[in-house]
Amino acid sequence: MKKTLWKTLALMLALVMMLGMFAGCSSSSDADTTEETETEEVEETTEETAEEVEETEEAEAEEDASTNDFSAITGSLTMGTGGESGTYYAFGGVLSNYIGQNTGLSINTVSTGGTTANIEGISEFLYDLALVQSDVMTYAYEGTNSFEETGANTDFLVLGALYAETVQIVTLDPEITSVADLAGKSVCVGDVGSGTYYNTVDILAAYGMTLDDITPIYQSFGDSTESLKDGKIDAAFICAGAPTTAVTDLATSQTVYLVSIDDEHMETLLESCPYYASLTIPAGTYAGFDEDCVTITVKATLVCRADLDEDTAYAIVATIFDNAEAITELHAKGAELDLTFATEGIAVPFASGAAKYFAEHGIEVETVE
């Protein structure tokens, strides 16, 4: 009986010890699991916190960039634009007013004959800023093409490209469906020496034509659309951001047609003039305009006097590109303000103040220094 009792007690003790060992193992496993879970949660929290801090810092940086105080940047400047019915004049006025409201600068906007007049005006100290076509400004700076006789003009530097300009061949005659159909017609080719004039020469050349094959009329955008309406001309070349005010107004009372450049001649044009790019003006751009139009584009570019001080140039560029959304509310072309577009494909050096701004955003541009 005693032996049986001792055996029973021994078995019970052994069982208790085994249960204790299992319990210990279980507790250790649970502890390890808990520690792992807590470690993962800490790591996740740390990562989330780091991301939140980074996002906060980026937001603060953007906020600081958009709230730069340029009130100490003062002075009175004049900006050369284009004809009063063109995009240069309208958008130039918006930019001038916005810069004036957000810096200590006062900018007077002047209607001009366009790109060539603006470049010459800077050389003659008439303008401190100007809107120009990227192709023609390259001719001027390098002294090529239309500037071979007068020589290179290096009195200006680039602040940034703003938006795409399209060459629009406008007519009210449905029988004019090709550039070749302009032969023998009365055609407005823009103001004398304007960017539109040179675009016309280039496009005609791609078709084996010259100005001698048409009757060239030299008029502004507004005057050319009035001449179309009155039946004084058959077609007009207009280089401006589409939709263009003058053409929009014409389309309210007349059926407007835009002439496309066909594939074969587009290839010829781009081979001889690589500073152009093909662009399609979508149907619906103008009232009653129900077909896409294939044409060419250049960049509307803001330039300044070569001796404009760095702080002023920086303030102008920062005010424009840091506030694209606000400017878009004032003019549709503000939606095209983009740092990459502003700097790519520009063959003329940038002002040092503009280069400083773009460098802060990770973009290196060429300067004269």
Side-chain angles (χ1 to χ4, degrees), residues 82-90 111 113-114 133 164-192 194-266 269 276 278-298 332-333:
E84 292 184 3
S85 297
T87 309
Y88 275 12
Y89 184 77
S111 174
Q133 288 183 200
E165 290 189 90
T166 52
V167 179
Q168 303 164 73
I169 307 173
V170 184
T171 182
L172 302 181
D173 184 353
E175 299 299 318
I176 298 178
T177 60
S178 165
V179 174
D181 293 334
L182 297 176
K185 304 293 185 181
S186 179
V187 182
C188 178
V189 297
D191 282 321
V192 177
S194 66
T196 301
Y197 168 84
Y198 297 115
N199 301 145
T200 303
V201 171
D202 290 339
I203 292 174
L204 290 177
Y207 282 79
M209 300 167 64
T210 69
L211 292 176
D212 293 334
D213 293 302
I214 64 174
T215 300
I217 305 297
Y218 301 92
Q219 292 180 324
S220 66
F221 297 164
D223 289 340
S224 68
T225 52
E226 284 298 317
S227 293
L228 280 170
K229 186 186 299 183
D230 296 338
K232 295 178 180 179
I233 61 175
D234 300 297
F237 281 79
I238 295 176
C239 184
T244 304
T245 302
V247 183
T248 298
D249 291 344
L250 178 64
T252 60
S253 60
Q254 304 283 338
T255 300
V256 169
Y257 302 95
L258 297 185
V259 180
S260 286
I261 301 173
D262 60 81
D263 293 343
E264 177 186 350
H265 293 93
M266 177 67 79
L269 177 59
Y276 292 130
S278 176
L279 180 142
T280 299
I281 301 174
T285 298
Y286 299 109
F289 175 57
D290 56 4
E291 294 183 2
D292 290 347
C293 174
V294 180
T295 184
I296 55 173
T297 180
V298 292
K333 285 301 169 187

Shortest non-hydrogen contact from Ser111 toward Gly82: OG-O, 2.9 Å
Give a yes or no answer on whether the side chain of Asp202 reaches the backbone of Asn199 with a donor-acceptor pair at less than 3.5 Å. no
Would you check if Val189 and Ile214 make a side-chain contact, meaning some heavy-atom pair closer than 4.5 Å? yes
Sequence neighbours excluded, every pair satisfying side-chain hydrogen bond (donor to acceptor under 3.5 Å, both in side chains) that has a member inside residues 239-254: Gln168-Thr244
Side-chain donor/acceptor of Thr280 to backbone N/O of Val294, under 3.5 Å: no
Using the rule given for side-chain contact (heavy atoms from CB on, under 4.5 Å), can you reason through Asp191 versus Thr196, listing the C-alpha separation, both sets of side-chain angles and the distance that settles it, and then say yes or no? CA-CA 7 Å; Asp191 282 321; Thr196 301; over 6 Å; no
Heavy-atom side-chain proximity of Val256 to Leu172 below 4.5 angstrom: yes
Any heavy-atom pair between the side chains of Asp173 and Tyr257 that's under 4.5 Å? no
Do Phe289 and Val247 touch side chain to side chain, with heavy atoms closer than 4.5 Å? no
Under the criterion side chain to side chain donor-acceptor pair (under 3.5 Å), I'd like the reasoning laid out for Tyr218 against Asp223: C-alpha separation, chi angles, the key distance, then a yes or no. CA-CA 9 Å; Tyr218 301 92; Asp223 289 340; over 6 Å; no
Minimal non-hydrogen separation, Pro243 against Tyr286, with atom names: CA-OH, 3.4 Å
Within 6.0 Å of CG in Asp230, more than 12 heavy atoms from elsewhere: yes
Atom pair CD (Gln133) and OH (Tyr88), whose distance is rounded to the nearest 0.5 Å: 4.5 Å
Do Val259 and Asp181 make a side-chain contact, defined as non-hydrogen atoms from C-beta onward lying under 4.5 Å apart? no
Under the 3.5 angstrom rule, does the side chain of Thr166 hit a backbone N or O of Ala240 as a donor-acceptor pair? yes
What distance separates Glu226 CD from Ser220 OG, expressed to the nearest 0.5 Å? 9.5 Å
Below 4.5 Å, heavy atoms only, C-beta onward: do Tyr276 and Thr295 meet side chain to side chain? no
Working to the nearest 0.5 Å, report the span between CD1 of Ile217 and OG of Ser186. 4.0 Å
What closest approach, in Å, do Met266 and Ser278 show between heavy atoms, and which atom pair accounts for it? CE-OG, 3.7 Å
Rounded to the nearest 0.5 Å, what separates atom OG1 in Thr215 from atom CD1 in Ile233? 11.5 Å
Give the minimum heavy-atom separation between Gly241 and Thr87, together with the two atoms involved. O-OG1, 3.4 Å
Could you tell me which non-hydrogen atom of Cys239 sits nearest to which non-hydrogen atom of Val298, and how far apart they are? SG-CG2, 4.1 Å
Value rounded to 0.5 Å, distance of OG1 in Thr225 from CD1 in Ile238: 6.0 Å
Determine whether Asp213 and Leu204 make a side-chain contact, defined as any pair of heavy atoms from C-beta on separated by less than 4.5 Å. no
Distance check, rounded to the nearest 0.5 Å: Met209 atom CE versus Thr200 atom OG1? 11.0 Å
Indicate the atoms forming the closest heavy-atom contact of Thr171 with Ala235, along with that distance. CB-CB, 4.1 Å
Chi angles and distances behind the side-chain contact (heavy atoms from CB on, under 4.5 Å) call for Val201, Leu211: CA-CA 7 Å; Val201 171; Leu211 292 176; 4.2 Å; yes
Is there a side-chain contact between Tyr207 and Ile261, using heavy atoms and a 4.5 Å cut-off? yes
Where the side chain of Asp292 meets the backbone of Ala283, is there a donor-acceptor pair that is under 3.5 Å apart? yes
